[in-house]
Amino acid sequence: MEKKNIWETYSAGQLKELEALNQSYREFLDNGKTERECVDAIVNTVEAQGYRELDGLIREGKPLKKGDKVYSVWMNKSIILFRIGEKPLEEGINILGAHIDSPRLDVKQNPLYEDGGFAYLDTHYYGGVKKYQWVALPLAIHGVMVKKDGTTVELNVGENEDDPVFFVSDLLIHLAGEQMEKKAAKVIEGEALDLIIGNKPLVIDKKAGKKEEKDEKEKAREGVKAGVLEILKNTYGVEEEDFISAELEIVPAGKAREAGFDRSMILAYGQDDRVCAFTSLQAMLDVKESERTACCILVDKEEIGSVGATGMRSRFFENAVAELLNLTGEYSELALRRCLAKSCMLSSDVSAGFDPAFASCFEKKNASFLGCGMVFNKFTGSRGKSGSNDANAEYLAHLRKILDEKKVCYQTAELGKVDVGGGGTIAYVLALYGMNVIDSGVAVLNMHAPWEATSKADVYEAYRGYMAFLEGAAL
Ligand code: MN
Ligand code: MN
């Protein structure tokens, strides 16, 4: 079976639609570099389209009916959307799922220190990263600091052209003889990924009295750190102690860009998995009619095992479905179980795009190629499919029919050659309910690097595929 490049088949009208979609995609990436920012942006978008918050609907106790649109946010980091269909929920719903967390450097809880005239923030990396990729490039700080009185201060520094940026240093090549002999995993160690955030000491008032003089001397000992703290206090009203209750994420600075002379690709941070989150969301918003209730879940914490209250393994999704059943007057424990078991899901995540520069890590017949359409991974996992949700053949046949009817271009793939490596997604979590789940998504080059590449055509086909799924899946 040959994979065909989809670009050759587009009409002028389709190309226009493709470009418009990718333009919105780039904006989505620029406005959401953290899970919190994604949730904020999504809430704004869906509210403008008539979605109502689940908690408010529960308080009102007004029954839901066909066509009603509902959203539920969990701890500002995960979001679920529902659009009520014609059929009872008990007959199952169609679910699109993706994750909105991405690999990055997280700031520790006691992070601030000074050394050699620099002020630093100590970090712990989040998700799987090649640490050597995160040095000597402009970085931005995004996140929140929550003060003891409960007020939340939002930070987003490094994205505007006149913002300062931050960086992790690397050793100059002239002195790197020993470093260059090390294994790539050891060239830059995790504990060395500390962010340089300042180099100018606080200016001391020389005329101060005895007591003040002592205080100032104390400050001068770590003058650069004191200088940074002064700026944080003046700009954000925060103290050093507020780092204790902060979630600050260090990400590559800069906007998503078109790549190639032909502008056929997108190069951007965080496309794993915001490329699937965006296309799933867009399909959810654009689908007009569906017999079954449509659902879109965009979750946090996939990159560290779907754990925690905002990860897919948390009960917040099941709870939201239970509340929904209650509001449509269908709730019982049995109805909930039936609804979940009879649902269909596309668990969407990025796939490893074939890279000619590293061809030996792929098996070409079963690799995904950029520009060849949305990807289905029947299974993921590693070492004998371990840890994978291996989708049912009957389900795949059903999906083939739906996609072919809508002329969606798709390909099947595995994550690399057998025994070369592997990876996981959220698919296995939903499969616990007994529902039909398959891994699908978009092929990416340089996955988990600060800048990842996708094909605009694949973004478009994934969107079209998700639309077809929401409209047509029923197994
Ligand atoms: Mn992913
Ligand atoms: Mn990932």
Side-chain angles (χ1 to χ4, degrees), residues 25 28-29 32-35 37-39 77-79 95-106 124-131 133-134 249-252 256 266-281 296-308 310-313 345-353 355 361 367-368 370 374-382 387-389 391 413-416 420-431 437-455 458-459 462 465-466:
Y25 173 43
F28 180 83
L29 289 170
K33 283 196 162 182
T34 67
E35 49 289 315
E37 288 175 0
C38 284
V39 166
K77 290 187 250 183
S78 286
I79 184 166
I95 307 167
L96 296 173
H99 68 94
I100 47 177
D101 61 316
S102 295
R104 59 181 189 250
L105 309 180
D106 279 351
H124 192 139
Y125 64 97
Y126 173 95
V129 299
K130 288 179 168 177
K131 288 155 219 151
Q133 292 179 333
W134 290 76
E249 306 182 8
I250 313 301
V251 299
I266 303 281
L267 189 74
Y269 165 70
Q271 298 201 73
D272 175 4
D273 183 30
R274 296 186 187 120
V275 65
C276 298
F278 168 78
T279 43
S280 294
L281 171 70
C296 178
I297 318 171
L298 303 172
V299 284
D300 180 29
K301 297 286 185 283
E302 190 278 340
E303 295 295 356
I304 58 168
S306 298
V307 290
T310 53
M312 195 66 243
R313 279 154 81 177
M345 187 196 194
L346 294 186
S347 166
S348 290
D349 209 335
V350 290
S351 195
D355 187 340
C361 296
S368 58
L370 265 68
M374 87 184 274
V375 184
F376 286 94
N377 288 70
K378 186 174 181 297
F379 54 87
T380 57
S382 55
S388 108
N389 159 66
E414 265 189 60
L415 190 81
V420 167
T425 64
I426 60 170
Y428 76 97
V429 187
L430 277 296
V437 185
I438 187 166
D439 282 292
S440 67
V442 173
V444 170
L445 228 55
N446 341 321
M447 193 193 294
H448 283 207
W451 297 89
E452 302 171 310
T454 53
S455 156
D458 297 338
V459 172
Y466 297 148

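Just so you know, ligand 1 is whichever comes first in the structure, and atom 1 is the first atom listed for that ligand. Worth saying up front: this structure is predicted, and the values here are computed from it rather than measured.
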D272: its N/O/S atom lying closest to the Mn ion (ligand 2) (atom name) | OD2
The Mn ion (ligand 2) to nearest N/O/S of H99 below 2.8 Å = no
Any N/O/S atom of D273 sitting less than 2.8 Å from the Mn ion (ligand 2), backbone or side chain?
-> no
Please determine if K77 and E37 form a salt bridge, counting it only when a charged side-chain N lies under 4.0 Å from a carboxylate O.
-> no
Show your working on side chain to side chain donor-acceptor pair (under 3.5 Å) between E35 and H99 and close with a plain yes or no.
-> CA-CA 9 Å; E35 49 289 315; H99 68 94; over 6 Å; no
Answer key: the N, O or S atom of D349 nearest to the Mn ion (ligand 1) is OD1
Here the pair of heavy atoms bringing Y466 nearest to M374 is CE2-CE, 3.6 Å
Just by distance, do the side chain of S351 and the backbone of S368 share a donor-acceptor pair under 3.5 Å?
-> no
2.8 Å cut-off met by an N, O or S atom of E303 to the Mn ion (ligand 1) | no
Decide side chain to side chain donor-acceptor pair (under 3.5 Å) for S78 and D300; before the verdict, give the C-alpha distance in whole Å, the side-chain angles of both, and the deciding distance to 0.1 Å.
-> CA-CA 6 Å; S78 286; D300 180 29; 5.3 Å; no
